[in-house]
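Everything numeric here is computed off the predicted structure, so don't read it as measured data. Proteins get letters first, then strands, A, B, ... in listed order; numbering begins at 1 in each.
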Number of protein chains: 2
Amino acid sequence: MAVTLKDIAKKIGKTTTTVSRALNDYDDIGPETKELVRNAADELGYIPNTLARRLQKRRTDTIGLILPTFGPRFSDPFFSEFLAGVGNKAAAGGYDLLVSTRPPGEQEMQAYQSNILSHRVDGFIIVRTRADDPRINYLRKMNFPFASFGRVEGVLDFPYIDEDSANGMLRVIEYLSGLGHRRIACISPPLELMFARHRIKGVKEGMDRLRSQGGELLIVESDLTQRGGYQTANILLDNSFSPTAIVACNDLMAIGAMSAVQERGFVVGKDISITGFDNIPMAEHSHPPLTTVNQPIYQIGTMACELLIQVLRGEVAEKQEIILQPSLIVRQSCGPTPE
Amino acid sequence: MAVTLKDIAKKIGKTTTTVSRALNDYDDIGPETKELVRNAADELGYIPNTLARRLQKRRTDTIGLILPTFGPRFSDPFFSEFLAGVGNKAAAGGYDLLVSTRPPGEQEMQAYQSNILSHRVDGFIIVRTRADDPRINYLRKMNFPFASFGRVEGVLDFPYIDEDSANGMLRVIEYLSGLGHRRIACISPPLELMFARHRIKGVKEGMDRLRSQGGELLIVESDLTQRGGYQTANILLDNSFSPTAIVACNDLMAIGAMSAVQERGFVVGKDISITGFDNIPMAEHSHPPLTTVNQPIYQIGTMACELLIQVLRGEVAEKQEIILQPSLIVRQSCGPTPE
DNA sequence: TTCGAGTATGAGACCGCTCCCAGAGATCTT
DNA sequence: AAGATCTCTGGGAGCGGTCTCATACTCGAA
């Protein structure tokens, strides 16, 4: 069996009280006693039982992360990198990370509820926020600690981190307009997702500025996947709108769109320009390499986790709201408008 | 405060013993009493405290999964899908999933140790096995429950699931040889990884059969990433060997290799054929779509988790060792040898 | 000298749950 | 009718920690 406080106490003829406090470095324990206890603990190979400690402290030292996924073939590079960021920060702060995947909706909400009510986690990281996000509404109602990556519509009285996607998209449009593009199509994620709204907002704002110069915009909704981007681009290409540039709201869809365009014999970056958003590793190695907006997703993961840890520790965060400024990554998927 | 057994007991004038057993449906509790207890529990909104139960049961109902990652930019589609498989199965079986990411080596081993010794998990899922795997050696030594995705060299006295990668690669080589290819280059992962060995073994076996027909093989080691595949393909293309086909040991490297080949103006599937392995979603949408070997990674995740759960429950699994037979997915990245 | 403050340790409750064991009735056996 | 058996419930220990409170001792100040 595992070594307990009692074993140490017995060995050195002290009580568990003393041992416990010595090991936790309380300053009401004599230095020699501390020394004695520590040596005995080392010798016996003592390791505290996390469960017992958690029960007593009424804390789980665990952070929950429930990834919203559609269907089993879930392979979003976004999440794996975000996960790594959150996980490493959590580990560094002494927290465990409890991960689940649930499709948005009923099951997802149940997962949040049961994790809270059965005392499995101390706080949640929310990812990929939705406009009127039921997760955030619920956590707020329960007064349960959380931090999110992404904002919501309405009151923002919780710690969050987000990228200024609107500004990122504005930069994309400005870049494209500088290359002469006026007829631009945009492939959007479901508009219930907040980041989709921000990105679309940036696109619209950019196009508004182009209105006097004949700017035209067509927005088509898709589903964030590569396949979705492919299909949607095909729809766009069949359409009479015939854009000179396609602005996809994430890299995965942009890469899917590239396939569709290339399949029709067009050259990406010459006949049609394509942009993405996120700067996933794949974007650098697509063919041609994808012009996109950088989103440091690993760092965002660590920062979101840090925000939550601050809340859990009861520290007053200097900054509860972090908005990162994006940067445009110019590669070869865009070129001047063909005449 | 949360409702406890004691609250229910007090309310109906019974003891916590009775309440506990009624809720756990022990058959030594009278049916009316059970009814009474259940109603009171519902009324008060009782939810058992997981921590307390776990402490008492000396079980954590938690499965550990430590993903081996190199560097922070960790975005392997492989892992996210595997994770989803494991996670969903764990949830279905009433287990929590504790996830960490660690670079292989010292830190990784410490994570295993501390998770075991501080009683955080009941068992581990090991992924991406290595030839003489320190994780498996350790868990075996500690007699700690685990199941793995992947085999090791030597004794296989633990539950595992694996794909018959050797056979998969054999099929690839046969397919390529059928198209007339004889000078074949292979981009390999680090050979310390078991699946690399199996895949290379299959490649060699296939080439051995081609020896009488002038088959020539060049193997170059890379690192599983898209970037690695790109760089390694460039090295290959600079080499005098000039292969007519490149067999990459995973899809990510294959896609990277495609970029390199295309950058030099070659047409993939005509001038040079390329194959991958894994059939990640991206493979379908690369340009051209990638010929590869299917590996149902989501299902593998669920099955690995199931193996572990059987061990944890003390059930005797009918099958402790599962080898899946792969299937070749033919797409457009291969063609007949150019003369 | 005596009291108060400070220091170091012990005793024991408690977190919320499970489970062993005892015991009270009810029913059955001979 | 008396003991044996069965059914149901209660008492209480214990999982492995933490924390409050009490206590014994030392020491300097009034």
Side-chain angles (χ1 to χ4, degrees), chain A residues 1-38 40-41 44-62 94 96 114-122, chain B residues 1-38 40-41 44-62 94 96 114-122:
Chain A
M1 251 343 267
V3 181
T4 69
L5 283 187
K6 210 189 275 182
D7 299 326
I8 303 180
K10 201 182 300 167
K11 170 162 182 169
I12 60 175
K14 302 273 178 187
T15 59
T16 60
T17 310
T18 309
V19 174
S20 168
R21 303 164 70 156
L23 289 175
N24 287 305
D25 207 25
Y26 276 54
D27 52 11
D28 60 355
I29 295 291
E32 326 73 37
T33 310
K34 271 187 192 169
E35 207 35 40
L36 183 67
V37 169
R38 280 186 192 135
L44 294 176
Y46 170 74
I47 308 248
N49 181 313
T50 333
L51 249 34
R53 185 187 302 211
R54 288 176 178 176
L55 173 61
Q56 160 65 29
K57 292 230 169 193
R58 251 155 271 117
R59 250 199 288 129
T60 64
D61 291 325
T62 301
D96 284 349
S114 78
N115 275 317
I116 293 178
L117 296 177
S118 59
H119 302 274
R120 279 166 213 267
V121 300
D122 289 344
Chain B
M1 249 346 266
V3 180
T4 69
L5 284 186
K6 209 191 275 180
D7 298 326
I8 302 180
K10 201 184 299 167
K11 171 162 182 168
I12 60 173
K14 302 273 177 185
T15 59
T16 59
T17 310
T18 308
V19 174
S20 167
R21 303 163 71 156
L23 291 176
N24 287 305
D25 207 25
Y26 276 55
D27 52 10
D28 61 354
I29 297 290
E32 324 74 34
T33 311
K34 272 188 192 169
E35 208 34 41
L36 183 67
V37 170
R38 281 189 191 131
L44 294 176
Y46 170 74
I47 308 246
N49 182 314
T50 333
L51 249 35
R53 192 197 304 241
R54 288 176 180 177
L55 173 61
Q56 160 65 29
K57 290 231 169 192
R58 251 151 278 122
R59 252 201 286 129
T60 65
D61 292 326
T62 301
D96 283 349
S114 77
N115 275 317
I116 292 178
L117 297 176
S118 59
H119 298 106
R120 278 167 213 267
V121 300
D122 290 344

With distance as the sole test, does [X] use its side chain to make a donor-acceptor pair with the main-chain N or O of [Y] at under 3.5 Å?
X: B:K11; Y: B:V37; value: no
X: B:R58; Y: B:Q56; value: yes
X: B:D122; Y: B:T60; value: yes

Quick check: any donor-acceptor pair below 3.5 Å linking the side-chain of A:S20 to the base of D:dG17?
no
Taking donor-acceptor contacts at under 3.5 Å, does the side chain of B:Q56 reach the base of D:dG14?
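When only heavy-atom distances are counted, B:Q56 does reach the base of D:dG14 through a donor-acceptor pair under 3.5 Å.
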Indicate, with a heavy-atom threshold strictly under 4.0 Å, whether [X] touches base, sugar-phosphate, or nothing.
X: A:T17; answer: base
X: A:N49; answer: sugar-phosphate
X: A:R21; answer: base

Judged by modelled atom types alone, do A:T18 and A:T15 share a side-chain donor-acceptor pair under 3.5 Å?
yes
Using only side-chain N and O atoms of [X], determine if any of them is under 4.0 Å from OP1 or OP2 of [N].
X: A:R54; N: D:dG17; result: no
X: B:Y46; N: C:dC17; result: yes
X: B:K57; N: C:dC19; result: yes

Residue closer to the 5' end of DNA chain D, B:L55 versus B:K14 (nearest nucleotide):
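Counting from the 5' end, the first nearest nucleotide belongs to B:K14.
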Within this structure, what is the [atom1]-to-[atom2] distance between [X] and [N], rounded to whole angstrom?
X: B:D28; N: C:dA24; atom1: CG; atom2: P; answer: 18 Å
X: B:Y26; N: C:dT18; atom1: OH; atom2: C1'; answer: 7 Å
X: B:R120; N: D:dG16; atom1: CZ; atom2: P; answer: 16 Å
X: B:R53; N: C:dC15; atom1: CZ; atom2: P; answer: 18 Å
X: B:D25; N: C:dC19; atom1: CG; atom2: C1'; answer: 17 Å
X: B:I29; N: D:dC6; atom1: CD1; atom2: P; answer: 18 Å
X: B:K34; N: D:dC8; atom1: NZ; atom2: C1'; answer: 11 Å
X: B:L5; N: C:dC14; atom1: CG; atom2: P; answer: 17 Å

The nucleotide from D:dG17, C:dT18, C:dC15 with an atom nearest the side chain of B:T16 is C:dT18
Among the candidates D:dC15, D:dC8, C:dA11, find the nucleotide nearest to the side-chain atoms of A:T15.
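In terms of side-chain proximity for A:T15, the closest of D:dC15, D:dC8, C:dA11 is C:dA11.
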Answer yes when A:R54 and A:D96 have at least one side-chain N-carboxylate O distance shorter than 4.0 Å, and no when they do not.
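So A:R54 pairs with A:D96 through a salt bridge.
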